[in-house]
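Data first, discussion second: the structure below is written as structure tokens.
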Amino acid sequence: MASNANASIVSFGEMLIDFVPDVSGVSLAESAAFIKAPGGAPANVACAITKLGGSSAFIGKFGDDEFGHMLVDILKKNQVNTDGVCFDPHARTALAFVTLKKNGEREFMFYRNPSADMLLKESELNMDLIKKSKIFHYGSISLIAEPCRSAHLAAMKAAKSAGIILSYDPNVRLPLWPSPEAARDGIMSIWKEADFIKVSDDEVAFLTQGDSDKEESVMSLWHDGLKLMVVTDGEKGCRYFTKSFKGKVNGFYVKTVDTTGAGDSFVGSLLCSLAKDPSIVGDEAKLKEALKFANACGAICTTKKGAIPALPTASAARDLIAGSK
């Protein structure tokens with residue numbers, strides 16, 4: 001993608017390197033070797049979009065180090081616009097050590113004290129990129145520390161005033177917050193700004209301290225400005241809520257190796273559909289098709305290790321849907 005091209009979806013936040021044990025089901029201490037894998041939910045989403053044929057840009061800050069340049073090269077190789085990227089000469093690129101349990105679930109240990117992504121300043125934001133997009137997507141990790149928090153809020157405000165759809169996937173990572181209460185408060189502090197919110201069933205339970213299977217728990221997260229809220233239920237699929245209808249779309253059963261990036265693959269797919277046709281939030285049949293496709297993308301992503309290498313193409317998602325009829 002040409003560097004001066006406008007991206008329809010701008011993803012804001014962190015990109016880091018995940019060090020993943022080369023063997024599943026061992027602790028970090030037991031692991032003899034680690035594979036380095038690019039990670040960070042907003043960056044995964046940006047790559048998921050381009051893999052599906054959409055256009056995306058990433059806004060964030062990297063250490064001016066080998067890992068930082070490696071990550072930006074990965075964005076470029078994935079055709080993600082990097083006009084919103086900057087480097088910090090004094091801070092390192094963030095790292096995370098990830099434990100893969102036997103069932104493919106993960107535990108994280110982060111090295112960010114502070115990492116470059118936390119030091120992004122409002123003055124470094126590429127506002128032009130944001131204002132020319134259709135969708136501005138973000139998580140909550142960029143809300144944890146200043147100056148990145150202020151930059152995040154300023155970027156949201158600019159997008160909102162330009163009439164751009166705000167998309168929020170909180171991506172709860174408790175080890176990064178001072179406490180669970182701080183995480184809950186921080187995540188909810190920008191809740192009412194979003195037009196679209198995606199949360200996992202676990203995140204519903206954490207944020208509401210209720211039962212995520214119960215609709216009243218989920219609906220306590222609804223706000224009147226929302227156009228669409230989606231709750232992902234892992235392999236079971238997802239539930240959707242709009243102003244005028246609600247329902248569920250079944251998932252796909254696949255052999256899960258690593259769940260890393262599955263939610264980001266789902267979000268990237270749904271944002272592609274939304275960017276192409278924002279009216280799907282008012283058309284239940286179209287929305288269900290988009291969600292089925294997003295479920296397929298999420299499922300395929302769990303069949304390989306890592307996030308970005310496991311992101312599916314549109315044809316792979318169509319094949320999974322066709323093969324499961």
Side-chain angles (χ1 to χ4, degrees), residues 8-9 41 44-45 48-56 134-135 137 165-171 194-204 211-254 256 259 261-303 310-325:
S8 60
I9 302 155
N44 294 344
V45 169
I49 290 160
T50 55
K51 196 89 182 268
L52 292 168
S55 76
S56 70
K134 291 181 182 173
I135 299 172
H137 175 74
I165 295 168
L166 296 191
S167 162
Y168 186 22
D169 177 357
N171 248 306
D195 299 294
F196 162 60
I197 289 174
K198 174 253 161 189
V199 271
S200 70
D201 47 358
D202 291 345
E203 287 164 346
V204 170
D211 182 348
S212 62
D213 289 335
K214 292 209 168 92
E215 198 168 297
E216 62 194 308
S217 298
V218 177
M219 288 314 290
S220 70
L221 294 172
W222 179 265
H223 69 80
D224 285 342
L226 265 180
K227 294 183 175 76
L228 171 66
M229 179 165 69
V230 176
V231 179
T232 52
D233 292 307
E235 60 188 14
K236 291 187 298 207
C238 64
R239 289 169 276 166
Y240 58 88
F241 302 85
T242 73
K243 285 185 171 72
S244 38
F245 51 78
K246 59 186 184 201
K248 75 185 282 285
V249 178
N250 289 329
F252 295 88
Y253 287 93
V254 291
T256 294
T259 59
D264 305 324
S265 181
F266 176 95
V267 170
S269 171
L270 191 50
L271 293 182
C272 270
S273 300
L274 264 173
K276 264 195 215 113
D277 182 5
S279 75
I280 63 171
V281 296
D283 182 327
E284 191 165 12
K286 276 189 190 166
L287 181 63
K288 286 180 91 157
E289 279 305 305
L291 290 168
K292 188 204 286 183
F293 193 80
N295 281 345
C297 289
I300 292 167
C301 191
T302 69
T303 61
L311 294 168
T313 58
S315 61
R318 282 193 291 270
D319 290 349
L320 178 61
I321 292 167
S324 66
K325 279 180 177 157

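Predicted model only: the values in this text are computed from it and were never measured.
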| said: Which heavy atom of A41 sits nearest to which heavy atom of N171, and what is that distance? | reply: CB-ND2, 3.0 Å

| message | So, using side chain to side chain donor-acceptor pair (under 3.5 Å) as the criterion, who are the partners of K198 when residues are at least two apart? | response | D169

| request: Could you give me the CA-CA distance, side-chain angles and deciding distance for I135 and L274, then say whether side-chain contact (heavy atoms from CB on, under 4.5 Å) is met? | output: CA-CA 8 Å; I135 299 172; L274 264 173; 3.9 Å; yes

| task | For the pair S55 (side chain) and S8 (backbone), establish whether a donor and an acceptor sit closer than 3.5 Å, ignoring hydrogens and angles. | result | yes

| query | Which salt bridge (charged side-chain N to carboxylate O under 4.0 Å, His left out) pairs, counting each pair once, include a residue from residues 275-286, with sequence neighbours left out? | reply | D277-K286

| message | Using side-chain heavy atoms (C-beta onward) and a distance below 4.5 Å, is C301 in contact with L311? | response | yes

| remark: Nearest heavy-atom approach of A48 to G268 is CB-CA, 4.1 Å

Review item, side-chain donor-acceptor pairs of residues 289-297, under 3.5 Å, at least two apart:
{"from": "N295", "atom 1": "ND2", "to": "V249", "atom 2": "O", "distance (Å)": "3.3"}
{"from": "N295", "atom 1": "ND2", "to": "N250", "atom 2": "O", "distance (Å)": "3.1"}

| said: So, using salt bridge (Lys or Arg N to Asp or Glu O under 4.0 Å) as the criterion, who are the partners of K246 when residues are at least two apart? | reply: E215

| Taking it one step at a time, do I280 and S273 satisfy side-chain contact (heavy atoms from CB on, under 4.5 Å)? | CA-CA 8 Å; I280 63 171; S273 300; 4.0 Å; yes

Under 3.5 Å, which donor-acceptor pairs do the side chains of residues 315-323 form with other protein atoms, sequence neighbours left out?
{"from": "S315", "atom 1": "OG", "to": "T313", "atom 2": "OG1", "distance (Å)": "3.3"}

| query | Do F196 and L270 come close enough that some side-chain heavy atom pair is under 4.5 Å? | reply | yes

| message | Side chains of L221 and M229, heavy atoms from C-beta outward: is any pair under 4.5 Å? | response | yes

| said: Looking at every non-hydrogen atom in both residues, tell me the closest pair between C272 and I9 and how far apart they are. | reply: N-CD1, 4.0 Å

| query | Between V230 and I197, does a side-chain contact (heavy atoms from CB on, under 4.5 Å) hold up when you go through it step by step? | reply | CA-CA 6 Å; V230 176; I197 289 174; over 6 Å; no

| task | Applying side chain to side chain donor-acceptor pair (under 3.5 Å), name anything that partners T232, two or more places apart in sequence or on another chain. | result | none

| query | So, T50 and S56: side-chain donor and acceptor under 3.5 Å apart, yes or no? | reply | no

| For F266, ring-ring contact (aromatic ring centres under 6.0 Å, His included) partners two or more places apart | none

| message | Can you pull out every salt bridge (charged side-chain N to carboxylate O under 4.0 Å, His left out) where at least one residue sits in residues 262-273? Sequence neighbours excluded, please. | response | none

| What pairs with S212 under side chain to side chain donor-acceptor pair (under 3.5 Å), at least two apart in sequence or on another chain? | none

| request: Quick one: pull up OG in S265 and CD1 in I300 and give me the separation to the nearest 0.5 Å. | output: 7.5 Å

| Judged by atom type as modelled, is there a donor-acceptor pair below 3.5 Å linking the side chain of H223 to the main-chain atoms of A194? | yes

| said: What I'd like to find out is whether the side chain of L271 reaches to under 4.5 Å of the side chain of V45, using heavy atoms alone. | reply: yes

| query | Sequence neighbours excluded, which residues qualify as side chain to side chain contact (heavy atoms under 4.5 Å, CB included) partners of T242? | reply | L228, S244, F245, L287

| Note, P312 side chain near K51 side chain (heavy atom, < 4.5 Å) | no

| Residue pairs involving residues 227-240 (criterion salt bridge (charged side-chain N to carboxylate O under 4.0 Å, His left out); sequence neighbours excluded) | D195-K227, D233-R239

| field | Exam field: side chain S217 to backbone D211, donor-acceptor pair closer than 3.5 Å | value | yes

| field | K243: partners by side chain to side chain contact (heavy atoms under 4.5 Å, CB included), with sequence neighbours left out | value | W222

